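These notes concern the structure reproduced below.
Keep in mind that what you see is a predicted model, and the values were worked out from it rather than measured. Every heavy atom of this structure was used, including side-chain atoms; hydrogens, water molecules and symmetry mates were not.
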Amino acid sequence: MDVSVDGTENFVIGVDYGTLSGRAVVVRVRDGKELGSGVFDYPHAVVTDTLPPDVAGVADDGAARLPGEWALQVPNDYRDVLRNAVPAAIADAGIDPAAVVGIATDFTACTMVPVKADGTPLNEVGGFANRPHAYVKLWRHHAAQPQADRINALAAERKENWLPRYGGLISSEWEFAKGLQLLEEDPETYAAMDHWVEAADWIVWQLCGNYVRNACTAGYKGIYQDGRYPSEDFLAALNPQFKDFVRTKLAHTIGRLGDAAGYLTAEAAAWTGLPEGIAVAVGNVDAHVTVPAAKAVEPGQLVAIMGTSTCHVMNGAELHEVPGMCGVVDGGIVDGLWGYEAGQSGVGDIFGWFTKNGVPPEYHHAAAARGLGIHEYLTELAANQAIGEHGLIALDWHSGNRSVLVDHELSGLVVGQTLATRPEDTYRALLEATAFGTRTIVDAFRDSGVPVKEFIVAGGLVKNTLLMQIYADVTGLQLSTIGSTQGPALGSAIHAAVAADRYPDIRAAAEAMGSEPGAVFTPIPANVAAYEDLFQEYRTLHDYFGRGTNDVMHRLKAIQRRAVRPLVTAAVSA
């Protein structure tokens with residue numbers, strides 16, 4: 001297939017929407033070479049304390065404090081990525097924008113936007129700016145756990161046939177739990193909402209003027225299986241007012257991954273500096289879109305996208321039910337294969353939390369004196385330890401457990417601390433805990449008939465070589481990193497090339513444009529044996545606290561909620 005127009009070089013843009021920023025990359029169509037990039041940090045980051053006064057119009061001293069499980073974002077920050085990061089990437093690449101033939105985006109998921117019929121977010125509608133439920137609910141918004149618990153209990157009781165496709169449990173992060181929370185906590189906002197939209201689809205809507213639901217989030221986050229959502233009878237049993245949720249708020253045209261959702265509008269062309277009318281690909285999820293960037297489109301190639309959280313995605317030739325997975329979807333990653341997803345809700349977030357809250361000033365000063373970041377400094381200290389020297393074992397549940405327990409009421413734990421425990425000890429134990437969490441996922445896939453043959457890592461954490469070696473040693477798998485530092489954005493660019501008809505399908509585009517492997521980490525036999533002992537201890541704690549033997553973590557959450565004033569209700573009333 002001719003990948004150029006009129007014999008000239010063509011380019012595509014991939015835009016990756018992360019938790020804290022958006023990144024745009026200019027990619028050459030014929031070989032996937034990344035020519036330029038631009039990054040824009042969301043001005044409002046993650047809203048966890050109070051609604052931002054410049055948006056909500058509420059003074060700081062009069063704003064209600066959000067409960068701890070809330071995580072919101074401001075949708076206009078996403079538009080600002082298009083206005084800033086895309087032009088910056090074009091300038092960095094030094095290309096003529098007229099040579100760009102397509103643009104594609106990927107997003108965190110499940111990140112939901114309540115909107116009016118024309119796509120206007122509710123927080124931008126008069127009278128709703130000071131209502132928390134009118135804002136974007138970020139993927140790590142876990143306040144809908146009570147609703148998720150009810151969905152799971154009812155689905156299990158009724159033996160709903162879609163439940164095993166999600167490992168037997170629906171997450172509080174997903175569309176239905178968050179939608180039910182919105183209805184029950186702020187029915188006025190729910191009534192005003194015309195569409196409950198994945199951010200992955202909302203940003204495409206902003207670019208091309210068409211609302212198309214992508215097949216990936218519809219399947220993994222929207223309980224869309226075999227052409228159907230959960231029935232109205234099921235939804236009414238949860239709450240009579242929720243009966244028509246699918247029909248009136250959620251259901252929409254499903255777009256196949258790699259297809260064009262539409263074409264760039266004049267308004268979006270003005271934002272981005274790109275030609276009006278170029279192809280805009282159907283939206284996608286940051287993890288799943290990375291698979292073609294890593295050239296991992298065949299069964300058994302597990303791709304872990306490691307950043308603030310980790311998402312594990314892999315294709316399989318057959319349908320199997322894996323306990324605690326985030327979903328298995330026909331064509332959820334590439335056509336013709338079953339796409340499997342699992343994940344860990346906190347990874348880089350845990351490391352970042354510890355450096356901010358658990359490391360004394362003298363360590364920060366020592367790191368600065370050597371010109372190192374605190375993560376680099378702690379990693380250097382931790383790397384000098386023998387396996388098990390710190391005497392610790394940790395559970396990586398500081399942001400709950402996504403897989404395999406699917407329980408965001410769980411919390412973090414470190415066992416073995418003494419008065420001699422140092423920050424580098426705890427830091428290494430947390431690194432190892434996230435590796436043990438990934439090992440648990442790999443074992444669950446293997447035990448369910450979906451063997452992991454290759455382990456490929458993408459995302460910001462690949463630069464920590466100690467962490468990569470720990471993962472190789474803990475899983476016993478050879479680990480390769482993706483050569484690109486912008487895996488999701490490259491994956492989106494690959495989808496843009498297909499949407500622009502420069503390649504016939506994702507497989508062909510991945511072969512031509514995907515990144516070659518970067519560093520490779522081979523398991524060290526002595527380390528594998530040493531970590532096996534620690535992993536068995538991890539698994540004991542994992543089952544003790546996570547499978548009902550001791551529900552102390554749940555009880556502590558309940559006590560915490562009782563101690564916190566119902567501030568969101570107060571804000572809505574105000």
Side-chain angles (χ1 to χ4, degrees), residues 12-18 22 24 40 42 72-86 102-125 128 134-139 175 178-179 182 192-222 224 246 248-272 274-286 288-289 488 492 495-496 499-500:
V12 284
I13 307 289
V15 185
D16 168 41
Y17 282 88
F40 181 77
Y42 304 147
L72 308 178
Q73 289 196 312
V74 177
N76 194 55
D77 290 355
Y78 305 151
R79 296 190 191 100
D80 282 343
V81 170
L82 302 176
R83 299 182 179 111
N84 293 274
V86 174
I103 183 171
T105 57
D106 64 81
F107 232 103
T108 61
C110 171
T111 295
M112 300 303 299
V113 192
V115 303
K116 299 300 290 181
D118 63 356
T120 302
L122 280 186
N123 76 288
E124 298 177 5
V125 175
F128 288 92
Y135 286 76
V136 174
K137 286 186 171 66
L138 184 61
W139 64 269
E175 295 177 11
K178 286 175 174 172
L182 195 163
M193 174 181 72
D194 293 315
H195 296 294
W196 188 227
V197 183
E198 282 277 358
D201 301 324
W202 181 80
I203 200 64
V204 169
W205 193 352
Q206 298 295 293
L207 284 165
C208 70
N210 294 333
Y211 174 26
V212 178
R213 267 177 67 75
N214 73 85
C216 183
T217 54
Y220 290 105
K221 315 301 180 186
Y224 184 76
V246 166
T248 63
K249 309 291 187 183
L250 188 67
H252 211 76
T253 303
I254 304 291
R256 190 179 65 171
L257 304 180
D259 282 356
Y263 301 92
L264 198 68
T265 65
E267 181 181 34
W271 292 343
T272 59
L274 296 173
E276 181 181 353
I278 64 172
V280 178
V282 168
N284 211 326
V285 179
D286 49 4
H288 304 71
V289 81
S492 283
H495 280 72

Next item on the list: Using the side chain to side chain contact (heavy atoms under 4.5 Å, CB included) rule, take V204 and T105 through it: C-alpha gap first, then chi angles, then the decisive distance, then the call.
Entry: CA-CA 7 Å; V204 169; T105 57; 3.5 Å; yes
I need the minimum non-hydrogen distance between [X] and [Y], along with the two atoms involved.
X: P114; Y: L182; value: CB-CD1, 4.4 Å
X: A269; Y: L274; value: CB-O, 3.2 Å
X: A281; Y: A104; value: CB-CB, 3.6 Å
X: L264; Y: P275; value: CD2-O, 3.4 Å
X: P75; Y: V136; value: CD-CG2, 3.8 Å
X: A134; Y: F128; value: CB-O, 3.5 Å

Within this structure, what is the [atom1]-[atom2] distance for the pair [X] and [Y], rounded to the nearest 0.5 Å?
X: L138; Y: Y42; atom1: CG; atom2: OH; value: 8.5 Å
X: D106; Y: H288; atom1: CG; atom2: NE2; value: 11.5 Å
X: M112; Y: L250; atom1: CE; atom2: CG; value: 6.5 Å
X: F40; Y: L82; atom1: CZ; atom2: CG; value: 10.5 Å
X: I13; Y: I278; atom1: CD1; atom2: CD1; value: 7.5 Å
X: W271; Y: E267; atom1: CH2; atom2: CD; value: 4.5 Å

Next item on the list: Quick one: do N214 and D201 satisfy side chain to side chain donor-acceptor pair (under 3.5 Å)? Show the steps, please.
Entry: CA-CA 7 Å; N214 73 85; D201 301 324; 2.7 Å; yes
Note, [X] side chain near [Y] side chain (heavy atom, < 4.5 Å):
X: N284; Y: L257; value: yes
X: V12; Y: I103; value: no
X: Y263; Y: V280; value: no
X: M193; Y: L122; value: yes

[Y] backbone acceptor or donor facing [X] side chain under 3.5 Å:
X: K249; Y: D194; answer: no
X: N84; Y: D80; answer: yes
X: T272; Y: A268; answer: yes
X: K178; Y: T111; answer: no
X: K221; Y: C216; answer: no

Next item on the list: Give the C-alpha distance, both sets of side-chain angles, the deciding distance and a yes or no for side chain to side chain donor-acceptor pair (under 3.5 Å) between Q73 and Y78.
Entry: CA-CA 9 Å; Q73 289 196 312; Y78 305 151; 2.6 Å; yes
Next item on the list: Quick one: sort the W205 and Y211 rings into parallel, tilted or perpendicular, breaks at 30° and 60°.
Entry: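 Parallel, since the angle between the ring planes stays under 30°.
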Next item on the list: Dump the intermediate steps for side chain to side chain contact (heavy atoms under 4.5 Å, CB included) on H252 and V212, then the final yes or no.
Entry: CA-CA 7 Å; H252 211 76; V212 178; 5.9 Å; no
Note to self: Looking at E175 and R213, is there a salt bridge between them, counting it only when a charged N and a carboxylate O are closer than 4.0 Å?
What the structure shows: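 E175 and R213: salt-bridged.
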Check: Is any side-chain N of the basic residue among E124 and R79 closer than 4.0 Å to the acidic one's carboxylate O?
Finding: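 Looking at R79 together with E124, the answer is yes, because their closest N to O distance falls below 4.0 Å.
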Next item on the list: Mind running side chain to side chain donor-acceptor pair (under 3.5 Å) on D286 and T108 for me, showing each step along the way?
Entry: CA-CA 6 Å; D286 49 4; T108 61; 5.5 Å; no
Next item on the list: Go through the steps to decide whether T120 and V115 satisfy the test side chain to side chain contact (heavy atoms under 4.5 Å, CB included), and finish with yes or no.
Entry: CA-CA 5 Å; T120 302; V115 303; 6.0 Å; no
Next item on the list: Please test V285 against Y220 for side chain to side chain contact (heavy atoms under 4.5 Å, CB included), starting from the C-alpha separation and ending with a verdict.
Entry: CA-CA 10 Å; V285 179; Y220 290 105; over 6 Å; no
